[in-house]
There are 2 protein chains.
Amino acid sequence: MKDKLISCSTGFPAVSAETVGELLERSGVKPTAQRLAIARVLAGACCHWSAEQVGDVVGAEVSRATVYNTLNLFVEKGLLREVVVSQEKVFYDTNTALHHHFYGVDDGHLMDIPLEQLPIAALPPLPAGVVLDTVDVVVRVRRG
Amino acid sequence: MKDKLISCSTGFPAVSAETVGELLERSGVKPTAQRLAIARVLAGACCHWSAEQVGDVVGAEVSRATVYNTLNLFVEKGLLREVVVSQEKVFYDTNTALHHHFYGVDDGHLMDIPLEQLPIAALPPLPAGVVLDTVDVVVRVRRG
DNA sequence: CTAACTGCAAACGTTTTGCAACTTT
DNA sequence: AAAGTTGCAAAACGTTTGCAGTTAG
């Protein structure tokens with residue numbers, strides 16, 4: 001695991017390796033060795049991760065249970081966004097800004113859609129007694 | 001299990017009990033006793049079902065494995081739409097027309113949004129080599 | 001010293017699968 | 001007889017949890 005980071009265009013804050021710990025602390029997460037290892041992976045090139053992928057990349061440094069716990073913690077602390085596109089796997093998106101997704105149903109691949117490319121003209125009136133959480137738009141595509 | 005059907009405003013075709021079999025045959029599904037039992041349940045009052053709910057309602061008439069197999073078959077044949085809102089459960093929507101959903105994250109409840117209440121002004125250009133499958137919009141709401 | 005965190009393994013709930021038995025034509 | 005369908009139990013999958021041991025302030 002390298003300390004050097006490749007910044008992600010719209011992803012996990014493109015922080016330098018030295019400030020990953022600060023980022024966690026700023027978010028109320030105690031920066032342990034395992035959490036730092038996971039955070040460094042997430043700050044890498046790709047924006048969409050499954051728990052399995054993260055676990056494979058961090059390797060034996062971190063147990064699978066800790067990978068799951070940590071990803072859930074990061075979601076809770078606003079460092080990651082959960083993307084639900086298929087029942088068989090959750091994706092974690094390092095880009096927490098509002099945006100949408102292409103999902104390739106054949107290959108399970110996920111791609112960002114910038115907000116302005118899929119403008120929603122109006123939201124429907126919300127049912128009584130609830131508040132808006134998020135609007136998730138998934139454009140499912142398949143090989144043509 | 002009654003044979004009488006309560007039609008669903010926008011759901012599984014509001015067919016009479018006598019024609020459920022015809023509907024299956026028209027869709028290329030051999031109308032066996034178990035499939036008819038499930039189809040009759042789906043043609044009932046509610047539009048959104050989990051596999052578990054369907055299994056509970058049809059009861060011992062149909063084994064759980066057959067419930068899952070049949071729901072997947074119905075999706076494949078275009079009689080149902082799969083709605084993925086959480087990794088822990090798939091919903092089956094008897095309304096196969098294009099429309100969107102409210103999802104109550106607290107109670108796991110699903111509600112239709114008519115297409116005209118959530119107009120999408122423009123779709124982004126699709127990546128090369130793929131064709132559009134569906135556009136799924138989930139408006140997540142929570143208790144305010 | 002205490003509180004928080006980790007790893008392991010076992011549990012979990014949903015869904016799928018293998019196979020023998022049973023329909024249906 | 002052949003083809004398709006069913007039920008059961010067991011497996012598979014991703015994920016969570018209980019608990020004992022470890023680490024950090």
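Residue numbers begin at 1 in each chain, while the letters A, B, ... track the order of the sequences.
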Distance in angstrom units between Gln34(A) CD and dA4(C) C1', rounded: 12 Å
If you assign each of Ser50(A) and Leu73(B) to its closest nucleotide in DNA chain D, which residue comes earlier from the 5' end? Leu73(B)
For the pair Arg142(B) and Asp133(A), find out whether any cationic side-chain nitrogen is under 4.0 Å from an anionic carboxylate oxygen. yes
With the threshold set at 4.0 Å, does a side-chain nitrogen-carboxylate oxygen contact exist between Lys89(B) and Glu52(B)? yes
Atom-to-atom span, CZ of Arg64(A) to P of dG7(C) - whole angstrom: 12 Å
Which atom pair, heavy atoms only, marks the closest approach of Leu98(B) to Val135(B)? CD1-O, 4.2 Å
Give the nucleotide from the list dT17(C), dT15(C), dC8(C) with an atom nearest to the side chain of Ala65(A). dC8(C)
Between Asp106(B) and Arg140(B), is there a salt bridge with N-O shorter than 4.0 Å? no
Candidate nucleotides dT14(C), dA4(C), dA9(D), ranked by approach to the side chain of Tyr68(B) - the nearest: dT14(C)
What's Asn72(A) touching, base or sugar-phosphate or nothing? Going by heavy atoms closer than 4.0 Å. sugar-phosphate
In whole Å, what is the span from the CD atom of Glu88(B) to the P atom of dT16(D)? 9 Å
Under 3.5 Å side-chain donor-acceptor pair for His101(B) and Asp93(B): yes
Give the rounded distance in Å between these two atoms: NZ of Lys77(B) and P of dT5(D). 9 Å
With a 4.0 Å limit, can you tell me whether Thr66(B) has a side-chain N or O closer than that to the phosphate oxygens OP1/OP2 of dG7(D)? yes
In whole angstroms, how far is the P atom of dT15(C) from the CH2 atom of Trp49(B)? 15 Å
Check whether any side-chain N or O of Ser63(B) sits under 4.0 Å from OP1 or OP2 of dC8(D), and answer yes or no. no
Mind calculating the distance between CG (Leu71(A)) and P (dG14(D)) to the nearest angstrom? 15 Å
Considering just the side-chain nitrogens and oxygens of Thr32(B), establish if one lies under 4.0 Å of OP1 or OP2 belonging to dT6(D). yes
Under 4.0 Å, counting only non-hydrogen atoms across every strand here, what does Arg35(B) touch: a base, just sugar-phosphate, or nothing? sugar-phosphate
So what does Ala51(B) hit on the nucleic acid, given a heavy-atom distance under 4.0 Å: a base, only sugar-phosphate, or nothing? sugar-phosphate
Nearest whole angstrom, please: distance from the C1' of dC13(D) to the NZ of Lys89(A). 10 Å
Over how many whole Å does the gap from Glu25(A) atom CD to dA4(C) atom P extend? 16 Å
